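When a ligand or atom number is given, it counts from 1 through the structure's own listing order. Please read all numbers here as calculations on a predicted model, not as lab measurements.
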Amino acid sequence: MPTLALQEKIPCLDLKGQHQQIKEEIFEAFEKVYNDTAFSGGPFVEEFEKNFAACCKTNYAVGVNNGTSALHLAMLALGIGVGDEVIVPANTFIATAWGVSYTGATPVFVDCTPDTWQIDASRIEEKISSRTKAIIGVHLYGQPFDVEALQVICQKYGLYLLEDAAQAQGATYNGIPVGGFGVMACFSFYPGKNLGACGEAGGITTNQEHYYKHLLSLRNHGSTVRYYHDEIGFNMRMGGLEGASLSVKLKYLPSWNNRRKEIAKRYQQEITNEQLQLQAKPDWAESIYHLFVVTTADREGLFKYLNEHNIFPGLHYPVPCHLQKAYSHLGYQEGDCPHAEYLASHCVSLPMYAELTDEEVAYVIDVLNAYRNA
Ligand SMILES: Cc1ncc(COP(=O)(O)O)c(C=O)c1O
């Protein structure tokens, strides 16, 4: 049985510790935004964009109001619309597919591999048609997808590669930060992300100036000169308070990610219970462990057991995209993406955030190792 008995509840994610540590710095940054009344776009957003592009080693970053908008605008910047198809992994957060659907195009879902839980590159070509315009690879849970395999397919069929890096700020593929492998990469800075704003925010990185300029216009009512509108655009600017909070937090991102890696390493090395399966990590992938997901035969049983031990895991995600009601008109059936379906009904997200103490990590490991499927 577990050697430690903790009184405190251990959730899947707790944002309070992080925000207490940096409260003063954040409030100072907010005061500057307030004094400048720079609430929408403006210098604090521009400063963050510059810093974030440097962090991703890309030429440009464009701040927007959330990660879903980032995906939507990236699709529009690629000229994707009605009649087009875009390949999307079946196991991802639904917003990966929303960006496609908002343009009138159709997401085409592809299963994941049974071990990395990333899009299965060997199942993509059978889904490519004359309408296919792009593939969205998702660096799911913070672990880079097989970039090279997708780049090869994109080159062969003349498709765009787009990265959904919403969960992967600071993750690296072969030592290179994600964000510059596709024509564009979309990030979420939702508060719960490894780099999360004090509010809703998102961003797009790119190395190509024409996408950068187009995105600046699209997020700002299709305008580059005030009150002159060159195309139908959107109000999807990032707020000044969000930009300022992100600049403060960006400085801490490497240390927060390193702490998550330390915790993940302990989970990987010390969870020895064979009733739990961990995500396979190829050599080229350096995850930032936005989530630490395991699978187990009896998920309900494990949840109940963990809750009894004051551990409250998460669920990412219980329904794969192709079986969501919103996409029932596309006609997918159970069995179409068996690995994504298995993952959806067996996944459990363990506690993962930088402020977990060593004692809490040891406790979670002990409790998991003592678990026996009834
Ligand atoms: C993989 C993925 N894509 C897109 C998004 C959308 O980001 P946002 O919530 O900022 O709109 C998220 C965020 O939850 C995500 O996890």
>> Just so I know, are the side chains of Thr116 and Pro282 near enough to count as touching, which here means a heavy-atom distance under 4.5 Å?
In response: yes

>> For Phe145 and His139, take the angle between the two ring planes, folded into 0 to 90°, and tell me which bin it lands in: parallel under 30, tilted 30 to 60, perpendicular over 60.
In response: parallel

> Between Lys23, Glu31, Glu25, which is the residue that forms a side-chain contact (heavy atoms from CB on, under 4.5 Å) with Phe27?
Replying inline: Lys23

> Which of parallel (below 30°), tilted (30 to 60°) and perpendicular (above 60°) describes Tyr102 and Trp98?
Replying inline: parallel

Short N or O contacts of ligand 1 with protein, under 3.5 Å, listed by atom name?
unit_1: ligand 1; atom_1: 3 (N); unit_2: Asp164; atom_2: OD1; d: 3.3
unit_1: ligand 1; atom_1: 3 (N); unit_2: Asp164; atom_2: OD2; d: 2.8
unit_1: ligand 1; atom_1: 7 (O); unit_2: Ser188; atom_2: OG; d: 3.3
unit_1: ligand 1; atom_1: 10 (O); unit_2: Gly67; atom_2: N; d: 2.8
unit_1: ligand 1; atom_1: 10 (O); unit_2: Ser188; atom_2: OG; d: 2.7
unit_1: ligand 1; atom_1: 11 (O); unit_2: Gly67; atom_2: N; d: 3.3
unit_1: ligand 1; atom_1: 11 (O); unit_2: Thr68; atom_2: N; d: 2.8
unit_1: ligand 1; atom_1: 11 (O); unit_2: Thr68; atom_2: OG1; d: 2.5
unit_1: ligand 1; atom_1: 14 (O); unit_2: Lys193; atom_2: NZ; d: 2.7
unit_1: ligand 1; atom_1: 16 (O); unit_2: Gln167; atom_2: NE2; d: 2.9

> In terms of ring plane angle, is the pair Phe93 and Tyr317 parallel, tilted or perpendicular, where the classes change at 30° and 60°?
Replying inline: tilted

> Parallel, tilted or perpendicular: which describes the rings of Phe48 and Phe189, with under 30° parallel and over 60° perpendicular?
Replying inline: perpendicular

